[in-house]
Structure formats: C-alpha cells, structure tokens
There are 2 protein chains.
Amino acid sequence: MSPAATAPQPPSGPRAARKRQAIVTAARTLFLREGFGVGMDAIAAEAGVSKVTVYNHFGSKEALFTAVIAGALDHPSSGPGGGEDSAAPLARLAEAADGDGDGELRTAFMDAARAWVHAVRDDREVAALRTLVSAELHRFPELGEAWRHDSPTGHHPVVAGALRTLTERGRLDIPDLEVATLQLYALLVHPHMVFGQYGAVMDDDLTERLLVSGVDMFLAQYAAGA
Amino acid sequence: MSPAATAPQPPSGPRAARKRQAIVTAARTLFLREGFGVGMDAIAAEAGVSKVTVYNHFGSKEALFTAVIAGALDHPSSGPGGGEDSAAPLARLAEAADGDGDGELRTAFMDAARAWVHAVRDDREVAALRTLVSAELHRFPELGEAWRHDSPTGHHPVVAGALRTLTERGRLDIPDLEVATLQLYALLVHPHMVFGQYGAVMDDDLTERLLVSGVDMFLAQYAAGA
DNA sequence: CCAACTGAACTGAACGGTTGAGTTCAATTG
DNA sequence: CAATTGAACTCAACCGTTCAGTTCAGTTGG
C-alpha cells in the first residue's frame with residue numbers, strides 16, 4: 001500500500017507513443033467500420049498490440065472512443081460540416097476574388113465550391129464519423145457537445161468569415177449573414193452529406209450540375225448590384 | 001421428426017395480432033431510444049409480453065428490427081427525406097397555385113414550405129429513424145436499399161411532380177428538374193436534417209428567416225419571367 | 001566500443017463476472 | 001387447443017484484470 005503506487009499514468013516514451021498511435025489508428029478503423037460494438041480484442045489485434053497495452057494507455061473502451069473522436073476533430077479532413085480543412089477552399093475565396101472583373105468572382109466561387117464539394121463528397125471517412133457520432137450521441141453526450149461546437153450551428157467560422165470579407169469589400173450584398181452562410185452550405189454540401197448518410201454517392205454529372213446551378217443561384221441573390 | 005413439426009409459422013388470430021402490434025411498437029420505441037444494442041428482455045418487458053412470445057412471432061432480433069423499419073416506411077410521417085406525408089404540403093402546392101396573381105404563387109410556396117419544414121424539424125422520431133438506419137447500414141445492407149429507394153435520390157416523386165406540374169402550367173421555368181428538386185430540398189429541409197442528426201434543433205426565428213429567404217431565392221431563380 | 005544491467009513497457013494466455021440471444025418446459029389462459 | 005407465460009437454462013461474446021515472462025531503450029562499467 002505505498003501512497004502513490006496506484007497512480008494509473010499512461011505509459012510514456014518513444015515506444016509507447018508508437019503503440020499509442022497504432023491503437024488509435026486501429027480503433028478508428030474498426031469503430032468506423034463496425035461501430036462502437038466492436039470488441040477490444042479485435043482492436044488490439046488490428047493494432048498488433050496486446051490488449052493489456054490498450055488498457056494501460058486508455059483506461060476503458062469509452063476513453064478510447066472519445067480519444068478517437070477527439071483526435072478526429074483535430075486531424076485534417078474532419079469536422080461535422082466538412083471540417084476546417086474541407087472548407088479551406090472557401091477561405092481562399094476572399095483572397096482569390098481580388099480582380100474586379102465580372103466573371104472573376106463567379107470563377108473564384110466555382111473553383112472554391114468545386115474543391116469544397118468534392119472534398120465532402122469523396123471523403124467517406126468523415127461521413128462514417130458523422131454516422132458514428134450521431135449513433136452514439138446518447139452514450140456520449142459530452143462528445144456531441146464538442147462535435148456540435150464547430151458544426152452546422154451558427155459558427156462555420158471560415159465560410160461566414162469569407163462571406164463577411166467579400167461583403168465588406170463590396171463584392172457581395174448580404175443582409176443576413178447567418179442565413180446566407182447556411183444557404184451556401186445547403187446549396188453546395190448538404191445534399192452530399194444527406195446522400196452520404198445512406199452510403200450513396202452522387203455521380204459526377206449531377207454533382208457538377210448542382211454545383212454550377214447552386215453557385216449561380218447564390219450569386220444571383222447576393223452578388224453586389226443584383 | 002414429424003414431417004411438418006418444425007414449421008415456424010407465426011401465431012395467428014385476433015389475440016396474436018394485438019400482441020404482435022404491441023411488440024412492434026415497443027421495439028420501435030426502444031430501438032429509436034437506445035439503438036440496436038437494446039436487449040430483447042427489455043423489449044418484451046416494454047411490450048408487456050413474454051420473451052417467448054416475441055420469438056414465436058419474430059424468429060430473431062434481426063427479423064424484429066427489419067419488421068420495425070419496414071413498418072416505419074409504410075407508416076405515416078416517415079421516409080428518409082421527410083417522407084411522403086411530410087412532403088404532402090408540397091403536393092397540394094400545385095393545386096393551390098391556381099390563381100394568377102403575382103404574390104399568390106409566392107404565398108402558396110411559403111405556406112407549403114412552412115408546413116413541410118416544421119414537419120421535418122419537429123418530428124424527432126423520423127430523425128432518430130434516420131440515425132438508426134444509417135448506423136446499422138453495415139449490418140442490414142438490404143434494408144439500406146429499401147430505405148434509399150424513396151429517399152434523397154433522384155426520386156422525391158411528390159416534390160418533383162409538383163415542380164413539373166407548375167412548369168407545365170407556365171408558372172415556373174425549370175431547365176433541370178432534377179437539380180431544382182434537390183435545391184428545394186437543400187434550401188428548405190436539408191439544414192434541419194443535418195441539425196437534427198446531432199440532436200440540435202434550429203430556433204423558430206432562424207427557421208423562419210431561412211424559410212422565407214429560401215423560397216424567395218428559389219422563386220427568383222425559377223419563377224416564370226425572371 | 002561493447003557487454004552487462006535496469007526498469008519501464010509489452011506480451012500471451014488465462015480467468016472472473018456480466019450481459020445478452022435464443023431455447024426448453026411445465027403450467028396457464030382465452 | 002393454440003397461444004401465452006414465467007422461469008430456468010445453455011451458449012457465446014465481451015469487458016476488464018491478473019500474472020509470469022519477454023522486449024526494448026537507455027545507462028553504467030570495463
């Protein structure tokens with residue numbers, strides 16, 4: 001009964017870091033493929049690691065799960081609405097629209113939208129993450145909170161910021177930034193998110209038609225001098 | 001080993017029908033609240049029925065689950081994209097727009113859209129159904145097929161039909177019906193579906209602003225003579 | 001430069017306790 | 001007489017733990 005003998009500190013060192021990474025990767029793979037119901041033995045086997053090691057690093061299945069989701073929130077190409085990185089093309093939009101030409105704003109929007117849409121449509125991993133989190137929301141309420149934080153809610157900081165910048169520069173005329181941001185999401189990425197929820201993927205032709213029409217619709221409403 | 005002794009026919013009769021209904025109802029309630037992981041004992045208890053009776057009617061947990069989902073597809077206020085009944089307001093839209101006034105089409109659209117949007121936003125049961133099905137897609141592939149059938153895919157027969165009718169009557173000018181249908185879904189209901197996936201509900205004020213702006217945006221693009 | 005040593009991290013396999021799916025059966029009910 | 005009940009039962013999966021022995025990174029001593 002030594003005083004500090006029962007301190008359950010996770011292992012440290014270079015080897016531990018590698019193992020830990022392998023565990024998280026394996027857990028993400030299996031959680032995304034099979035859901036939370038997958039066994040810890042399977043995860044340990046997939047990671048090429050003993051089950052005891054898993055429990056030395058993460059104390060429980062719940063802790064491992066939250067670590068996986070938290071890691072996915074930081075990692076590139078993640079986030080509920082497509083994530084920070086997926087929306088990055090939209091961030092560059094404000095810079096790309098420096099020209100004064102009529103069609104330049106439209107072209108910049110098209111390019112940014114295309115990159116954004118394809119990132120959302122083709123990233124099956126993020127789609128699986130959304131499904132997984134929403135399915136386990138009742139078991140991990142605090143996780144839904146963090147997930148919701150940078151999500152379709154009023155935030156979308158990147159997209160909203162780009163639209164605000166373009167408004168301040170006089171390129172767009174947006175009376176309700178919150179609504180306009182939601183509409184841009186709705187016209188471009190929401191259909192792909194809804195499709196993806198059932199494992200369906202929109203074909204290239206329809207994707208392109210929807211994209212072009214969506215950008216034109218948005219600009220017809222909000223381009224300055226319309 | 002009597003020849004026909006092992007025939008697993010489900011019970012019949014008026015009593016059996018009542019029990020069966022109670023089981024399906026209880027199963028739907030618990031599946032929606034707790035997910036597929038809920039125990040059969042809990043379902044039997046919720047239905048006020050012995051577990052043996054459950055297994056006499058449905059042979060397995062999977063069979064019970066598919067029966068619940070299949071029943072939800074027929075039952076009112078269901079379907080992936082809000083369902084047939086949720087989209088019913090849109091079906092009546094074509095009839096309501098008989099007047100020739102300028103604002104009448106817009107008013108009819110607003111009313112139909114409001115009913116539709118509120119049906120989708122406030123029906124937490126359908127949201128839970130979507131989450132449940134997408135979460136268990138890997139376990140029930142054939143179910144995802146049926147679910148997808150009357151879903152956000154190219155179908156939307158009701159909405160697309162209403163838009164086609166309005167186009168034929170010269171009230172709308174829609175070059176690409178498939179795209180326009182998707183956009184109407186996107187502008188009006190997709191944001192609520194995405195919100196609902198994380199248990200979030202859009203507040204009334206934002207809901208109304210988004211709705212009005214969405215209808216105006218759609219009509220600005222597709223109203224005849226624009 | 002290298003062998004021996006050290007201690008933390010890891011392994012493999014087994015085990016305890018629990019949960020849950022599905023079955024059996026005698027008794028009961030409508 | 002078919003349907004239902006309640007309770008006990010089997011069987012498998014799974015979470016988490018224990019333990020005896022092994023690997024590995026780094027340090028010491030020659």
Side-chain angles (χ1 to χ4, degrees), chain A residues 1-2 4-27 29-31 33-68 136 138-140, chain B residues 1-2 4-27 29-31 33-68 132 135-136 138-140:
Chain A
M1 291 197 193
S2 48
T6 57
Q9 300 177 7
S12 64
R15 190 175 28 153
R18 259 180 295 141
K19 298 284 183 181
R20 189 183 179 89
Q21 180 58 37
I23 294 169
V24 170
T25 300
T29 300
L30 290 191
F31 277 145
R33 188 194 304 154
E34 313 239 1
F36 183 76
V38 75
M40 292 292 270
D41 300 271
I43 293 176
E46 171 83 13
V49 153
S50 171
K51 191 166 62 160
V52 182
T53 302
V54 176
Y55 278 94
N56 284 342
H57 280 266
F58 313 88
S60 67
K61 195 181 186 181
E62 280 82 2
L64 176 57
F65 185 80
T66 58
V68 165
E136 303 300 336
H138 61 102
R139 211 193 306 251
F140 303 90
Chain B
M1 289 205 189
S2 49
T6 57
Q9 299 178 6
S12 63
R15 226 174 342 170
R18 259 180 295 140
K19 298 283 183 182
R20 189 186 179 87
Q21 181 58 38
I23 294 170
V24 169
T25 301
T29 300
L30 290 190
F31 277 146
R33 188 193 304 153
E34 313 239 1
F36 183 76
V38 74
M40 292 293 270
D41 299 270
I43 293 175
E46 171 83 12
V49 152
S50 171
K51 191 164 67 158
V52 183
T53 303
V54 176
Y55 277 95
N56 284 342
H57 280 266
F58 313 87
S60 67
K61 193 180 187 182
E62 278 83 3
L64 176 57
F65 185 81
T66 58
V68 166
L132 180 60
E136 303 299 336
H138 63 101
R139 213 192 305 252
F140 303 92

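This one's a predicted model, so the numbers in the text were calculated from it and none came from an experiment. Here is how names work: the chains are called A, B, and so on, in the same order as the sequence lines, proteins then strands, and each is numbered from 1.
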For [X] and [N], give me the distance from atom [atom1] to atom [atom2], rounded to whole Å.
X: Arg18(B); N: dT5(D); atom1: CZ; atom2: P; value: 11 Å
X: Arg20(B); N: dA3(D); atom1: CZ; atom2: C1'; value: 14 Å
X: Glu34(A); N: dC14(D); atom1: CD; atom2: P; value: 10 Å
X: Asp41(B); N: dT5(D); atom1: CG; atom2: P; value: 14 Å
X: Tyr55(B); N: dG22(C); atom1: OH; atom2: C1'; value: 5 Å
X: Leu30(A); N: dC15(D); atom1: CG; atom2: P; value: 12 Å
X: Asn56(A); N: dC19(D); atom1: CG; atom2: P; value: 14 Å
X: Lys19(A); N: dT22(D); atom1: NZ; atom2: C1'; value: 12 Å

Nearest to the side chain of [X], heavy atoms from C-beta on, is which of [options]?
X: Met40(B); options: dA21(C), dA3(D), dT5(D); value: dA21(C)
X: Ser50(B); options: dA25(D), dG6(D), dT4(D); value: dG6(D)
X: Pro14(A); options: dA3(D), dT5(D), dA25(D); value: dA25(D)
X: Val49(A); options: dT11(C), dA21(C), dA9(C); value: dT11(C)
X: Ala16(B); options: dT4(D), dT5(D), dG16(D); value: dT4(D)
X: Val52(A); options: dT24(C), dG16(D), dG12(C); value: dG12(C)

Reckon [X] has a side-chain N or O less than 4.0 Å from the OP1 or OP2 of [N]?
X: Lys61(A); N: dC14(D); answer: no
X: Ser60(A); N: dC15(D); answer: no
X: His57(A); N: dC10(C); answer: yes

Check: If you look at every strand shown and take non-hydrogen atoms under 4.0 Å, does Val38(A) touch a base, only sugar-phosphate, or nothing?
Finding: sugar-phosphate
Notebook entry, point to check: How would you label the contact of Gly48(A) with the nucleic acid (heavy atoms, under 4.0 Å): base, sugar-phosphate, or nothing?
Noted result: sugar-phosphate
Notebook entry, point to check: Do the ring planes of Phe65(B) and Phe140(B) sit parallel (below 30°), tilted (30 to 60°) or perpendicular (above 60°)?
Noted result: parallel
Next item on the list: Return the minimal non-hydrogen interatomic distance between Arg20(B) and Pro10(B), and the atom names on each side.
Entry: NH1-CB, 4.2 Å
Notebook entry, point to check: Does any N or O donor sit under 3.5 Å from an N or O acceptor when you compare the side chain of Lys51(B) with the base of dG22(C)?
Noted result: yes
Item checked: Distance (rounded to the nearest 0.5 Å) between Phe58(B) CZ and Thr66(B) OG1 -> 9.0 Å
Note to self: So, taking the atom named OG in Ser50(B) and the one named NZ in Lys19(B), what distance separates them when rounded to the nearest 0.5 Å?
What the structure shows: 9.0 Å
Margin query: By the definition side chain to side chain contact (heavy atoms under 4.5 Å, CB included), identify the one residue from Asn56(B), Ile43(B), Asp41(B) that meets it with Lys51(B).
Written below: Asp41(B)
